K.L.:
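Submitted below is the structure of interest, expressed as structure tokens.
Here the structure is a predicted model, which means the values were calculated and not measured. We count ligands from 1, going down the list as the structure has it; atoms in each ligand are counted the same way.
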Amino acid sequence: MMRRGKGLRGGLGVVVIVVFLNMLVMAAATTEMVAAEEEEEEAAGKVKVKVGVVLDLNLVVGQMGLSCVSMALADLYSSRSYYKTRVTLSTIDSNDTVVDAAAAALDLIKEEEVQAIIGPTSSMQANFIINIGDKAQVPIISYSATRPSLTSQRSSFFFRIAQNDSSQVKAIGAIIKAFKWRQVIPIYTDNEFGNGIVPYLIDALQEADADVPYQSLISPTATDTQITNELHKLKNMPTRVFVVHMLTRHASRFFMKVQEFGMMNRGYVWIITDSIANELDLIEPLAYEALQGVVGIRTYVPRTKRLNLLKRDWRKRFRRYYPTVEDIPEVDVYGLWAYDAAWALATAVELAGTDNLRYTATKINSSNYLFNVGVNQNGPRLREALSDVTFTGLAGEFSLINGQLQSTLFEIVNVIGNGRRNVGFWSPETGLTRKLVDSGGAKGLRSIIWPGEPVVMPKGWEIPTNGKKLRIGVPVKDGFWEFVKLVRDFETNVTIGVEGYCIDVFKAVIEKLPYKVDYEFVPAEKSNSVPGGSYNEFTYQLFLGKFDAVVGDVTIRANRSTYIDYTLPFTASGVVMVVPMKTEKNTNAWVFLKPLTWKLWALTAGFFLFIALVVWILEHRVNEEFRGSSLDQICTSLWYSFSTMVFAHREVTLNNCTRLVVILWLFVVLIITQSYTASLASLLTVQELKPSVNDINLLLKNGENIGYQGGSFVYEILKSLKFDDSQLKTYESAEELHELFVKGSMNGGISAAVDETPYIKVFLAQYCSQYTTTEPTFKADGFGFGFPIGSPLVPDISRKILEVTEGERMKEIETKWFKNVEECTASKVAELSSTRLSINSFWGLFLVTGVVSLSSVVAYIGKFLYDEQRVWRNNVEPSIWRVFCALIRKFMKRDPTAHPLRRRACMNDVPVLARRRSF
Ligand SMILES: *[C@@H]1O[C@H](CO)[C@@H](O)[C@H](O)[C@H]1NC(C)=O
Ligand SMILES: *[C@@H]1O[C@H](CO)[C@@H](O)[C@H](O)[C@H]1NC(C)=O
Ligand SMILES: *[C@@H]1O[C@H](CO)[C@@H](O)[C@H](O)[C@H]1NC(C)=O
Ligand SMILES: *[C@@H]1O[C@H](CO)[C@@H](O)[C@H](O)[C@H]1NC(C)=O
Ligand SMILES: *[C@@H]1O[C@H](CO)[C@@H](O)[C@H](O)[C@H]1NC(C)=O
């Protein structure tokens with residue numbers, strides 16, 4: 001395509017002269033418009049005002065525009081015959097070239113001294129014509145030059161009766177946002193028309209949170225091979241959303257290639273700008289077939305009676321360009337804008353008056369032919385008049401602000417079958433709406449039928465499908481295989497698979513994705529060239545493009561996130577220090593008191609006294625051993641009671657009730673002493689466990705060694721704490737860590753290790769009672785999967801990670817790999833809680849003993865009172881006090897009626913005394 005360049009002006013002069021001669025002939029031919037001729041007769045006495053037309057008459061848009069312009073003039077003057085002016089057209093075919101258009105405009109201004117120029121057709125032709133129009137003060141009115149930047153170098157004499165290309169970018173952004181697509185590739189022709197929209201489009205996409213990973217330029221003269229090559233490139237990219245901005249004649253060929261290449265299938269999204277969507281009717285049926293499912297932004301034209309009338313007359317008027325009526329295309333929005341433009345211009349010409357239709361000659365400067373033009377005296381007035389014209393045009397309300405048509409209502413169409421379907425509207429005020437008059441609530445679009453797949457909304461992103469799988473890098477580990485483990489074939493030593501906790505989580509997450517992701521695991525050999533760097537290097541390989549993702553026990557680190565994108569973490573986080581437990585003997589002098597709570601101690605002591613009292617009451621009247629002086633009696637009873645503690649009571653009890661009480665009591669004593677013994681034994685033998693080191697700074701000061709897992713970022717933490725490299729030892733597995741601890745710092749082992757919580761959990765599960773974690777804990781963000789920066793998989797996978805970690809599936813995976821971890825902590829808790837014996841465990845026993853003892857005493861005293869009823873019934877004594885004293889005296893005495901006493905006393909007298917002495 002032609003581009004404006006420095007050489008243009010120089011070359012133009014020569015070309016113009018050649019073209020100029022031809023033009024005179026052409027102009028005469030093309031101006032013999034049917035409409036103009038008819039008018040000439042009845043327009044006697046009217047002032048003729050010359051207006052130039054520069055259009056590409058070999059293109060439909062030019063032909064249609066010209067027809068519409070003459071229709072507009074005919075319609076206007078027939079309805080307003082009182083107008084004093086009559087616009088006559090001088091038409092020059094600009095032949096779809098920039099030079100012809102420039103020459104035509106120059107010619108019209110210099111030779112014809114036209115009052116205004118309608119045209120040019122394309123944005124490329126417009127630049128020069130706008131400049132010359134500005135110089136000569138001739139309004140330039142274009143209905144199809146839509147490049148937005150034309151306003152930046154515009155003059156006040158340029159009028160655009162069309163929507164500029166940038167007015168639709170927000171609508172495209174709204175659609176992208178509505179469907180939450182993250183990446184969009186614009187495809188546009190590599191010329192001034194195509195790239196004019198790009199900065200605006202990219203801004204709008206960014207506003208809609210979409211990236212533009214690539215821009216595809218298609219030359220207007222591209223060969224089929226070039227298009228195919230470009231499509232091949234696009235197909236291998238993951239992005240599946242394309243915005244196409246082209247002229248319709250280029251688009252037909254492009255989309256046929258797209259279809260041929262299988263990119264009009266399911267999963268793809270094609271959005272076309274208004275330059276194609278406005279002219280859908282012009283696309284030939286074969287190409288139209290290729291557009292199925294495409295979504296287009298189209299200028300909305302209200303359906304009016306006038307428009308219907310125009311459409312009815314259309315075929316008659318447009319006939320001369322087409323051999324048969326069937327070939328005549330429907331009038332499109334560019335034709336309507338041309339109609340409105342001509343209508344407005346003719347109205348403005350009438351308003352501006354005809355006082356001064358001359359040009360004034362400029363100072364002759366023969367050295368510059370091109371710009372040596374006269375100045376249109378009527379220009380400024382015509383410009384003002386045109387700026388102020390407002391009316392209801394065929395394409396909607398007509399009003400100009402800064403020389404541009406103000407109308408930004410678009411309809412969104414979906415290409416289906418031979419036609420199209422309206423799926424919504426967009427305007428800057430309401431955004432996307434389903435209905436034109438938004439009655440609230442009907443936001444968004446109606447359902448769209450996408451290419452290939454009528455039901456599912458495309459994700460807008462796919463893993464490239466040309467047989468390639470996603471290469472997932474996994475770290476090769478020498479230990480902690482619960483997380484990632486390569487499964488090797490025993491015979492051939494070939495890696496046949498990968499398993500482990502991280503791998504299972506990844507698989508579970510991928511299963512949940514709504515689309516299919518093919519992947520294969522690629523083991524990444526570790527290199528230990530940099531201390532603590534191998535995981536950094538591993539993730540860096542992703543950045544270098546060796547993998548498409550990394551999965552494994554890769555911790556989320558700020559340092560690494562500068563070159564990869566992390567998903568959300570799927571493990572608990574944190575870095576802790578683990579140290580061996582130091583065993584400490586229980587050297588407390590009062591440890592023997594610990595097994596029982598003090599309440600239980602007090603209760604037991606109380607019961608010994610109580611039992612002493614009960615035994616005395618029941619025995620002293622019948623048992624010789626419990627007799628003697630009062631002090632003797634007290635001592636014997638207490639002695640008896642307390643000796644039951646070690647089952648050393650020797651006094652024979654004679655009362656049956658006493659025996660019952662004592663048996664029960666002995667049972668209680670048995671239980672309590674047994675429990676006490678057991679508890680004390682455990683207190684003394686289970687030594688108290690304490691972490692051997694509490695302070696990492698102490699290790700640093702004492703120059704003791706500390707361990708970290710090879711390749712881990714923990715190295716960086718330790719270095720930041722100023723540990724020397726000679727103090728740092730690496731390990732690869734739990735067993736190795738244990739060995740290092742066993743060796744001890746003195747012999748090249750370690751005194752403590754610092755690692756991430758998940759590994760430490762595994763380690764502690766294996767060596768449950770020997771190690772413990774301690775301060776300090778460092779912040780870390782847990783394990784996450786890594787993807788290339790900006791990968792659209794990341795948000796999807798993060799969302800699914802949350803689903804998996806919050807669900808049942810995570811528990812299954814955890815029990816599969818870390819069953820022991822739970823058991824260890826559970827047994828530890830059980831151990832800790834078995835400390836002291838309290839009343840709660842024994843009150844039942846005490847209750848039974850208490851009740852039985854009391855009832856025995858009550859029964860015994862009852863029997864005593866019954867036996868001695870003589871004393872209190874026959875009123876031997878005068879007062880109750882006397883009776884009571886008499887009873888007490890009796891009670892303190894021996895019971896003479898007790899047979900066992902007499903018998904036992906005779907039989908056992910000697911031995912009992914002998915035993916006593918020997919004791
Ligand atoms: C281009 O326009 C000139 C007149 O300006 C005409 O003589 C010539 O035939 C046209 N070329 C084509 C390819 O139509
Ligand atoms: C394009 O048109 C829109 C709507 O009429 C307007 O807001 C915007 O300023 C125009 N852009 C340029 C570059 O003229
Ligand atoms: C004629 O044009 C030349 C070059 O553009 C310029 O230097 C000169 O001043 C012009 N002369 C007049 C009389 O405008
Ligand atoms: C298998 O291969 C790995 C590395 O690929 C190597 O470390 C290991 O020693 C090999 N095992 C056998 C049995 O050959
Ligand atoms: C990450 O940390 C390592 C080790 O401290 C350092 O070598 C590397 O340059 C850091 N990378 C970035 C991007 O900061």
K.L.:
Any side-chain heavy atom of V114 sitting closer than 4.5 Å to one from V51?
P.N.:
no
K.L.:
Just checking, R306 and W343: is the charged tip under 6.0 Å from the six-membered ring centre and within 45° of the axis?
P.N.:
yes
K.L.:
For ligand 2, which atoms have a heavy atom of P148 less than 4.0 angstrom away?
P.N.:
13 (C)
K.L.:
Hey, does N164 come in under 3.5 Å of ligand 2, counting only N/O atoms on both sides?
P.N.:
yes
K.L.:
Give the atom numbers and elements of ligand 2 that come within less than 4.0 Å of a heavy atom of S166.
P.N.:
1 (C), 11 (N)
K.L.:
Show the atoms of ligand 2 that are less than 4.0 angstrom away from any heavy atom in S167.
P.N.:
2 (O), 3 (C), 4 (C)
K.L.:
Please determine, by modelled atom types, if R358 and Q377 share a side-chain donor-acceptor pair under 3.5 angstrom.
P.N.:
no
K.L.:
Just to confirm my output: which protein heavy-atom neighbour is closest to atom 4 (C) of ligand 2, and how far is it?
P.N.:
T408 CG2, 3.3 Å
K.L.:
Which of the atoms of ligand 2 are close to Y200, meaning less than 4.0 Å from one of its heavy atoms?
P.N.:
13 (C)
K.L.:
How about atom 2 (O) of ligand 2: does it have a protein heavy atom within less than 4.0 Å?
P.N.:
yes
K.L.:
Could you check whether S219 and D190, counting side-chain N and O atoms only, form a donor-acceptor pair closer than 3.5 Å?
P.N.:
no
K.L.:
Going by the atom numbers of ligand 2, which of them fall below 4.0 Å from some non-hydrogen atom of Q404?
P.N.:
14 (O)
K.L.:
Could you work out, with salt bridge (Lys or Arg N to Asp or Glu O under 4.0 Å) as the rule, every residue matching R446, not counting sequence neighbours?
P.N.:
none
K.L.:
Heavy-atom distance from atom 9 (O) of ligand 2 to the protein below 4.0 Å?
P.N.:
no
K.L.:
State, without any angle test, whether S94 and D100 hold a side-chain donor-acceptor pair at a distance under 3.5 Å.
P.N.:
no
K.L.:
Y339 side chain to A395 main-chain N or O, any donor-acceptor pair under 3.5 Å?
P.N.:
no
